[in-house]
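Working notes for the structure below.
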Number of protein chains: 2
Amino acid sequence: MATNIRDVAKAAGVSVATVSKVLNGYTTVSQKTKERVLRIVKETRFQPNAAARALVGRRSMTLGIYLTTGLTHPFFASILSGMELALKAKGYDLIYLSQLTFNKDYSFVRHCQSRNVEGVVIFGFQEDDAYFKELLESGLPSIFIDMDIVGQRAGYISSDNVDAMCHSISYLRELKHRRIAFIAGIVESYVGRLRYDGYKKGLEIAGLPFREDYVAHSIFTRESGYSAMNSLLELPPAERPTAVVCCSDMCAIGAIDAIRDAGLSVPGDISVIGFDDIELARNVTPALTTIRQDMIAMGRKAVELLDELIVDEMFASPTAIVPTELIVRDTCAPAKEE
Amino acid sequence: MATNIRDVAKAAGVSVATVSKVLNGYTTVSQKTKERVLRIVKETRFQPNAAARALVGRRSMTLGIYLTTGLTHPFFASILSGMELALKAKGYDLIYLSQLTFNKDYSFVRHCQSRNVEGVVIFGFQEDDAYFKELLESGLPSIFIDMDIVGQRAGYISSDNVDAMCHSISYLRELKHRRIAFIAGIVESYVGRLRYDGYKKGLEIAGLPFREDYVAHSIFTRESGYSAMNSLLELPPAERPTAVVCCSDMCAIGAIDAIRDAGLSVPGDISVIGFDDIELARNVTPALTTIRQDMIAMGRKAVELLDELIVDEMFASPTAIVPTELIVRDTCAPAKEE
DNA sequence: TTGAAAGCGCTAACAG
DNA sequence: CTGTTAGCGCTTTCAA
């Protein structure tokens, strides 16, 4: 491997400028020299030094990913898989911006500037507004996933949460359910709010009345789903919901625990629908009917939008809404006759 | 934010060399100038350009992670969490080396050279020897996780697989089990082989005979665990194992499916122990008794060893074996009287 | 169509 | 103890 562009130039009998031009696709090089240079490059397996390229002021071809949720979020791997595809297509490298590294004095925004990171994708709950304010003001191109933050150089991507909820409810409606409850997530969060909105809209479309006492609150977790379901089960039997849609799979699994502990069965007595389609959903018994979010598409799209933002100064505030899919498994059954 | 070291030098009324010395902790700077420079650095929130630093030939402070397993491996997040800790402590950044990006003509080794990556951690099954050969020859410091590859500038980390198996068996022995079967993983793989060895050693320590017909083979997956267990269940009832240790949690879950489908119960009729302690293990019913691998420790240790390898030219072929822990949940019960 | 040379921001000799 | 200066490897005017 040639150590640098000078070695290649020497071997090809041209100047470094010419080699550089060939490498960067300039058309002001004769076909003959171009071929000669390319041959040497191939032979010597020369690869330009990325630091030098970045230094000289052009592209660093580096994107960052920053998680506010911690690494254990079940979607991290899928998002990354999706990003991988677009990263490869566009020729970017990905640097992991660890939450641990940053604080008030040294934000990830500054780190990105120092490392010449060209753009970042942010995923998670909105937890530290100070960072985001700085980020938006910095002009560093950024794409948020599941947070509706926009700015001159920032946009976001999210699943179609409202449509997904409508879909769940219309499916239950087809199964003749009329008493459909909802276990909401943190309503202050972006997805929590949208899923709640979607529940109401879904009921409306299905021609079902909205009942305050059919909404229980959770924080997306299994335990909170369990308690939420228990509060729903306190309704008089005749009023009891025959189906429950949940803000998350973990929450749905907790709800199923509660239903069972109350001596009822899923889906015999109560049908349950989750949200997310995490790995656990297809591995529990009965396998969970749920909404699948296309995190691969979201990751890919995030990088694509980021690239546009970076390449095109005029491209502002992009957003994308990714469709979801209802995955029918074993936790829903037709409602018993009323 | 000062754009470069010259601005800082100007503001502090010193030369760029002095600023550089302060920034790099040289002691040949008077206390007074040092303080002045530091004050300006703080005020202007100056951060040295990483590309320039890398270019000038010293450290790039970048490590890479390369997975041969794909992103969906359940340990990826934990390994990364562990790495995060050490990354922060040592001041490295992490770049994700996507399998997709590389091929015969352009290996991740070359990419690392071009990006000035100082070292890599490799995780997964040994699948592409060509890469590893090139890697070893390149002299790029590398640490493998769960693959016993060593070289002048390469070492590895793994759980204490043998000890873990001994632990499982001794636990079952305490529960009075004498007919303990094993569902092996891919025996050609590093962990597959070691766990098999551990099973034999565990039996020996427990004073139990090794029986060929108590070993079934799988490929670590749920489906293969299911078939493996079925073959074990074909033994005549009096000979049937009362306990099964498995090469992985997924495999154990498959085995439990098979036991149930045969009309038997876990742990009533047959006790089951997994390996890994993936998230699913505590979420299935009954919750799985299993061996927990400390992937956080492995990730952290990987970066620490890598750092030593990078910093100390003489530090060769490091290895580390990380202890495991038996997590007792609900899939083991005392053996029925014989 | 090609090459010489300046310079990106930094570090490390070396001189003072 | 401090400053001058020569590069690191590359891209990009600009001149030939």
Handout entry: Selection residues 151-161 of chain B - residue pairs positive for salt bridge (Lys or Arg N to Asp or Glu O under 4.0 Å), sequence neighbours left out
Key = none
Handout entry: Footprint string (nucleotides 9-16 of chain C, 5' to 3'): B base within contact, S backbone only, - free, heavy atoms under 4.0 Å
Key = BBBB----
Practice task
With sequence neighbours left out, write down each residue that passes side chain to side chain contact (heavy atoms under 4.5 Å, CB included) with B:Thr72, or none if nothing qualifies.
Solution key: none
Practice task
Kindly calculate the angle separating the two end axes of the helix from C:dT1-D:dA16 to C:dG16-D:dC1, each obtained from five base pairs, and round it to 10 degrees.
Solution key: 40°
Problem - Residue list, side chain to side chain contact (heavy atoms under 4.5 Å, CB included) with B:Ala320, at least two apart or on another chain - result: B:Ile157, B:Lys301, B:Leu305
Practice task
Report the residues that fulfil side chain to side chain donor-acceptor pair (under 3.5 Å) with B:His73, sequence neighbours left out, ordered by chain and then residue number.
Solution key: none
Handout entry: A:Tyr131/A:Phe108 aromatic ring centres below 6.0 Å
Key = yes
Handout entry: First-last contacting nucleotides on DNA chain D - partner chain B, under 4.0 angstrom, heavy atom
Key = D:dC1 to D:dG9
Problem - side chain to side chain donor-acceptor pair (under 3.5 Å) against B:Asp93, all qualifying residues, sequence neighbours excluded - result: A:His111, A:Arg115
Exercise for the section: Could you pull out all residues at least two apart from B:Lys90 that satisfy salt bridge (Lys or Arg N to Asp or Glu O under 4.0 Å)? Expected result: B:Asp307
Exercise for the section: Return the set of residues passing side chain to side chain donor-acceptor pair (under 3.5 Å) with B:Ser15 (not counting sequence neighbours), or none when no residue passes. Expected result: B:Thr18
Practice task
Kindly say if A:Thr18 contacts the phosphate of C:dT1, meaning a side-chain N or O under 4.0 Å from OP1 or OP2.
Solution key: no
Exercise for the section: Would you please confirm or rule out a distance under 4.0 Å between OP1 or OP2 of C:dT2 and any side-chain N or O of A:Ser30? Expected result: yes
Problem - Residues in salt bridge (Lys or Arg N to Asp or Glu O under 4.0 Å) contact with B:Glu118, at least two apart in sequence or another chain - result: B:Arg59
Practice task
Quick one: list whatever passes ring pair (Phe, Tyr, Trp, His ring centres under 6.0 Å) with B:Tyr156, sequence neighbours left out.
Solution key: B:Tyr190
